[in-house]
Amino acid sequence: MIADTIQQIERQLAGKAALIAVTKTKPVALLQEAYDAGCRQFGENKVQEMAEKQPQLPADVQWHIIGHLQTNKVKYIAPFVALIQSVDSLRLLQEIDKQAARYNRTIDCLLQIYIADEETKFGLSADEAEALLADNALDELSNIRIIGLMGLATNTDDQEQVRQEFRGLKALYDKLAQIQRSMIQFSELSMGMSGDYLLAVEEGSTMVRVGSAIFGSRN
Ligand SMILES: *Cc1c(COP(=O)(O)O)cnc(C)c1O
């Protein structure tokens, strides 16, 4: 069942975007099922939940943090996290760099951009992201790489609104990708979830984060 859905989504993505299976709140047995169906990239939004699941799955799983990350929790995921998709401040980048250095790693990050017409979503504005990428303080950070942007569209049935939000994020991505600094190496645009991933791929997503369409709704 899970395997069929994953294969169907992979066919739709047709190699244009990577599938990140969003496994928050789901038990390890379901993650293993997704792994057996070929998934190697999992997204979780809580540090503790990810740190508990990680040792229970094969070592070649790439773990993505997709939810708001507090600086004091970075240390729990620094040894293994593959991509932190929800960076929204210089202070957080500095902490990720510090913890990555302890493990002799470089940790890849995305800046989370606020694109939705909703009050509850985290993220930077376009101007804030641009200012952050221009900040001289980034020169001190040799254990992080900023490899792109992530955004969540408004939760609405209005497909045209969602498309415009994705289009705006892609335009920002294209602009910021021009920046020439060693720690900025754009290659990933993470946008699209269960309800809008096909639209997101049409608008240039390289990475979709799909949970309920694979694993069923969360309570
Ligand atoms: C939960 C979550 C998803 C997946 O949502 P679905 O609608 O279940 O696919 C994607 N991105 C983020 C940031 C999430 O928190």
Side-chain angles (χ1 to χ4, degrees), residues 1-26 30-31 33-46 49-50 61-68 81-88 108-118 120-124 147-174 176-177 186-219:
M1 176 62 189
I2 283 182
D4 291 342
T5 310
I6 289 169
Q7 276 152 25
Q8 189 190 339
I9 294 172
E10 289 285 10
R11 269 198 304 276
Q12 292 173 323
L13 296 176
K16 292 191 203 116
L19 172 62
I20 314 302
V22 174
T23 52
K24 60 192 185 196
T25 78
K26 299 298 175 184
L30 285 190
L31 276 68
E33 213 175 314
Y35 180 92
D36 294 337
C39 278
R40 292 295 179 274
Q41 306 200 78
F42 293 125
E44 291 277 341
N45 65 341
K46 295 212 167 71
E49 188 176 343
M50 189 165 97
V61 169
Q62 293 179 279
W63 296 91
H64 295 216
I65 273 282
I66 60 171
H68 183 65
V81 69
L83 180 61
I84 298 176
Q85 297 207 7
S86 43
V87 170
D88 59 0
D108 287 340
C109 300
L110 304 180
L111 298 185
Q112 181 170 351
I113 308 298
Y114 181 90
I115 56 171
D117 187 18
E118 287 171 19
T120 53
K121 303 226 160 122
F122 291 99
L124 300 164
I147 64 165
L149 305 179
M150 183 269 263
L152 283 86
T154 304
N155 185 8
T156 169
D157 292 333
D158 184 345
Q159 299 281 300
E160 202 42 43
Q161 179 178 352
V162 171
R163 187 183 290 281
Q164 289 311 325
E165 289 171 359
F166 286 151
R167 201 164 280 181
L169 185 58
K170 172 69 159 85
L172 179 65
Y173 174 94
D174 288 341
L176 300 180
F186 272 29
S187 61
E188 302 298 339
L189 176 56
S190 174
M191 58 185 196
M193 320 193 344
S194 289
D196 55 23
Y197 66 89
L198 288 176
L199 238 168
V201 172
E202 284 175 22
E203 296 301 329
S205 172
T206 67
M207 202 175 254
V208 297
R209 310 175 308 272
V210 180
S212 49
I214 299 172
F215 301 105
S217 59
R218 296 171 294 270
N219 347 318

Criterion side chain to side chain contact (heavy atoms under 4.5 Å, CB included) on L124 and Y114, from CA distance to verdict: CA-CA 5 Å; L124 300 164; Y114 181 90; over 6 Å; no
Rounded to the nearest 0.5 Å, how far apart are [atom1] of [X] and [atom2] of [Y]?
X	Y	atom1	atom2	answer
M150	Y173	CE	OH	15.0 Å
I66	K46	CD1	NZ	10.5 Å
I20	Q41	CD1	CD	4.0 Å

Pair Y35-V61, side chain to side chain contact (heavy atoms under 4.5 Å, CB included): steps then yes or no: CA-CA 8 Å; Y35 180 92; V61 169; 3.6 Å; yes
Under 3.5 Å: donor-acceptor pair, side chain of D196, backbone of M193: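 Side chain of D196 to backbone of M193: a pair is present.
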Partners passing side-chain hydrogen bond (donor to acceptor under 3.5 Å, both in side chains) against D158 (at least two apart in sequence or in another chain):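 Listed in chain order: nothing, the list is empty.
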K24: partners by side-chain hydrogen bond (donor to acceptor under 3.5 Å, both in side chains), with sequence neighbours left out: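 In terms of side-chain hydrogen bond (donor to acceptor under 3.5 Å, both in side chains), with neighbours along the sequence ignored, K24 is linked to no residue.
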Would you call [X] and [Y] a side-chain contact if the rule is heavy atoms closer than 4.5 Å?
X	Y	result
T154	I115	no
M50	V81	yes
M191	V208	no
S86	H68	no
L152	R209	yes
R218	K26	yes
I2	I214	yes
F215	T23	yes

Among L189, V87, L83, L149, the one residue meeting side-chain contact (heavy atoms from CB on, under 4.5 Å) with L110: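 For L110, the side-chain contact (heavy atoms from CB on, under 4.5 Å) check succeeds only for L83.
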side-chain contact (heavy atoms from CB on, under 4.5 Å) involving R163 - partner list, sequence neighbours excluded: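 Scan of R163 (side-chain contact (heavy atoms from CB on, under 4.5 Å), adjacent residues dropped) gives E160, R167, L199, E202, E203.
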Cut-off 3.5 Å, no hydrogens considered: what does the side-chain donor-acceptor table look like for residues 3-18, sequence neighbours left out?
residue, atom, partner, partner atom, Å
T5, OG1, M1, O, 3.0
Q12, OE1, Y197, OH, 2.5

Residue list, ring-ring contact (aromatic ring centres under 6.0 Å, His included) with F42, at least two apart or on another chain: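 Only W63 meet the ring-ring contact (aromatic ring centres under 6.0 Å, His included) criterion with F42.
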Report yes or no: do [X] and [Y] form a side-chain donor-acceptor pair below 3.5 Å?
X	Y	result
E44	H64	no
S194	S212	yes
E188	T206	yes

Exercise: identify the closest heavy-atom pair between A153 and A116: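 Looking at all heavy atoms of both residues, the shortest contact is C-CB, 3.9 Å.
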Worked check of side chain to side chain contact (heavy atoms under 4.5 Å, CB included) between N45 and I65: CA-CA 6 Å; N45 65 341; I65 273 282; over 6 Å; no
Chi angles and distances behind the side-chain hydrogen bond (donor to acceptor under 3.5 Å, both in side chains) call for Q85, S190: CA-CA 8 Å; Q85 297 207 7; S190 174; 2.7 Å; yes
Qualifying residues under salt bridge (Lys or Arg N to Asp or Glu O under 4.0 Å), relative to E165, sequence neighbours excluded: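 Salt bridge (Lys or Arg N to Asp or Glu O under 4.0 Å) list for E165, sorted by chain: empty.
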V162 vs Q159, side chain to side chain contact (heavy atoms under 4.5 Å, CB included): CA-CA, chis, key distance, verdict: CA-CA 5 Å; V162 171; Q159 299 281 300; 5.6 Å; no
